[in-house]
S.K.: 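There's a structure below that I have some questions on.
No experiment lies behind these values; they were computed from the predicted model shown. Values below: all heavy atoms of this structure, side chains included; hydrogens, waters and symmetry mates excluded.
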Amino acid sequence: MQLDVLVRAIDEVVAEGPEGCADPESIKELQVQSARLEAFATSATGAFDASGVWGLSGAKTAAAWLARAANQSGGQTRRTVRRARVLRHLSVLDNAWGEGSLSGAHVDAIVAVRNPRTQDALERDEEMLVAQAKKLPFETFIRALAYWEQLADPDGTEASAEERRARRDAYWVQTLGGTWVILAKLDELGGATVANALKPIEQAYYDAEYAEAKELLGRDPLTHELRRSPGQRRADALVELAVRAQTAPENGRRPEPLFTILVDYQTLLGRICQLEGGAGTPVTPDSIWTWLTSAYFERIVFTPGQRAEVSETARFFSGATRRAIEVRDQECAHPTCHEPVERCQVDHIVPWNLGGPTNQENGRLYCPFHNRQKGGRPPPPQEE
């Protein structure tokens with residue numbers, strides 16, 4: 001059987017080791033022969049699909065049989081069967097792939113534009129498209145193919161573009177550890193807008209780190225010798241983009257974080273070091289050092305008699321008194337509510353009009369709803 005010959009030939013090449021094929025000519029030839037073999041395997045799969053032999057095992061489809069037999073994903077085997085079925089109608093493309101002058105990626109791109117509305121135009125223009133695929137760089141050919149599809153199926157391409165825009169999505173969520181996960185799916189224009197804004201920032205980071213590493217090492221640095229990985233630079237570029245957005249409006253200013261560090265009796269038990277706002281995300285002390293020259297730090301004293309407060313007869317909580325209560329409570333004081341500090345008001349436990357003082361001990365955070373209801377947990381315990 002000819003497959004036995006093929007297996008022995010592959011075994012012989014593999015036995016020589018990859019170093020024996022690491023020269024430019026061998027690499028190119030390997031890619032060509034790999035394409036030829038993939039093309040033949042697809043044609044053979046198409047014949048297998050048409051034969052119906054796969055049904056003898058009880059499989060529903062040839063793709064399902066192949067997924068189990070070859071231990072491949074269902075998506076991969078369905079794509080192979082679809083390739084084979086469409087290639088029966090595209091002999092010029094099939095032959096070009098079989099001779100190794102095109103790759104499977106070229107085939108998938110052309111197969112993807114074939115549908116009932118374009119099949120006549122594709123049959124007419126197949127030879128021209130294959131010729132362009134052989135001649136043009138892959139990315140250039142993909143653009144040309146997209147223009148061809150627009151001309152061949154104007155209504156369909158517009159509908160597809162609108163579907164892609166409708167599928168745009170984004171979310172950001174804070175993990176239990178305090179880090180943020182941000183994922184987005186954007187249409188062509190939206191994605192290009194964001195990418196074009198991020199790329200110059202990322203490139204500026206790369207250039208600065210490259211120059212820094214070169215000066216330190218006395219030679220051109222390797223990628224892994226730079227201070228940040230590509231992913232870290234992209235993440236930092238995204239943050240920088242948000243920072244610049246906040247400085248863009250008139251009178252805008254660069255964001256300056258506010259860190260809350262509580263140092264009192266808790267220093268005997270542990271440390272409290274967190275970002276202001278929300279749930280007060282904890283941060284490590286070492287991570288704060290890089291912000292010492294640009295962030296704000298606040299000092300809060302909870303011991304009576306040693307703190308700066310508004311007058312106890314003042315009508316509203318403000319200044320240091322208000323801030324101390326925000327840091328202490330972190331969220332609405334009602335036992336069933338977890339509204340974060342930025343959505344809460346500071347309320348008197350003993351009402352002001354009944355003589356309740358405006359101080360830390362008589363203040364608590366309440367969201368607007370529970371502030372109106374005037375129900376909730378008792379005041380915080382007092383230190384003896």
Side-chain angles (χ1 to χ4, degrees), residues 171-180 242-243 245-247 249-266 269-283 288 291 295-384:
Y171 82 93
W172 44 90
V173 62
Q174 191 172 23
T175 68
L176 293 177
T179 58
W180 288 82
V243 169
Q246 295 183 61
T247 63
E250 186 177 356
N251 299 323
R253 58 182 296 175
R254 193 174 182 86
E256 297 167 315
L258 173 60
F259 293 101
T260 302
I261 304 175
L262 304 186
V263 181
D264 55 7
Y265 179 70
Q266 292 294 330
L269 305 176
R271 61 190 176 219
I272 299 179
C273 185
Q274 62 192 41
L275 280 169
E276 180 272 337
T281 303
V283 294
I288 293 177
W291 291 96
Y296 287 109
F297 290 82
E298 61 185 354
R299 176 178 178 268
I300 296 175
V301 179
F302 285 109
T303 304
Q306 298 182 13
R307 62 197 187 205
E309 291 196 282
V310 298
S311 169
E312 290 196 354
T313 61
R315 176 67 181 86
F316 299 105
F317 290 91
S318 62
T321 303
R322 179 185 181 89
R323 181 63 189 141
I325 295 170
E326 291 176 342
V327 171
R328 183 194 67 201
D329 290 0
Q330 296 290 308
E331 62 184 20
C332 177
H334 192 277
T336 64
C337 186
H338 299 283
E339 285 291 333
V341 59
E342 62 264 25
R343 299 179 188 172
C344 291
Q345 304 161 350
V346 180
D347 175 52
H348 287 82
I349 297 172
V350 177
W352 178 80
N353 57 5
L354 296 181
T358 303
N359 59 25
Q360 293 177 16
E361 289 76 23
N362 195 44
R364 63 184 170 190
L365 285 185
Y366 258 15
C367 68
F369 176 83
H370 288 113
N371 197 10
R372 291 192 296 270
Q373 297 296 317
K374 293 298 182 184
R377 61 180 72 146
Q382 305 298 313
E383 294 184 354
E384 296 182 357

S.K.: Can you tell me how far the OG1 atom of Thr358 sits from the NE2 atom of His348, to the nearest 0.5 Å?
M.R.: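 Rounded to the nearest 0.5 Å, the OG1-NE2 separation comes out at 3.0 Å.
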
S.K.: Would you give the length of the straight line joining atom CG of Asn362 to atom CZ of Phe317, rounded to the nearest 0.5 angstrom?
M.R.: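 The CG atom of Asn362 sits 5.5 Å away from the CZ atom of Phe317.
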
S.K.: How are the rings of Tyr366 and His334 set to each other: parallel, tilted or perpendicular (split at 30° and 60°)?
M.R.: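 Because their plane-to-plane angle lies in the 30° to 60° range, the rings of Tyr366 and His334 count as tilted.
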
S.K.: For the CG atom of Asp347 and the NE2 atom of His370, what is their distance to the nearest 0.5 Å?
M.R.: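 The NE2 atom of His370 is 12.0 Å from CG of Asp347, to the nearest 0.5 Å.
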
S.K.: Got a second to check how far Gln330's CD is from Ile325's CD1, nearest 0.5 Å?
M.R.: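 Gln330 atom CD to Ile325 atom CD1 measures 13.0 Å (nearest 0.5 Å).
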
S.K.: Considering all heavy atoms of both residues, which atom of Asn371 and which atom of Gln345 are nearest to each other, and what is their separation?
M.R.: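 In terms of heavy atoms, the two residues are closest at ND2-OE1, 2.5 Å.
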
S.K.: State, to 0.1 Å, how close Asp329 and Arg364 come at their nearest heavy-atom pair, and which atoms those are.
M.R.: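 Smallest interatomic distance, heavy atoms only, reads OD2-CA, 3.4 Å.
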
S.K.: Would you give the length of the straight line joining atom CZ of Arg323 to atom CD of Gln360, rounded to the nearest 0.5 angstrom?
M.R.: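 Reported to 0.5 Å precision, the distance equals 12.0 Å.
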
S.K.: With sequence neighbours left out, write down each residue that passes side-chain contact (heavy atoms from CB on, under 4.5 Å) with Glu339, or none if nothing qualifies.
M.R.: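 Listed in chain order: Cys332, Cys337, Arg343, Cys344, Cys367.
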
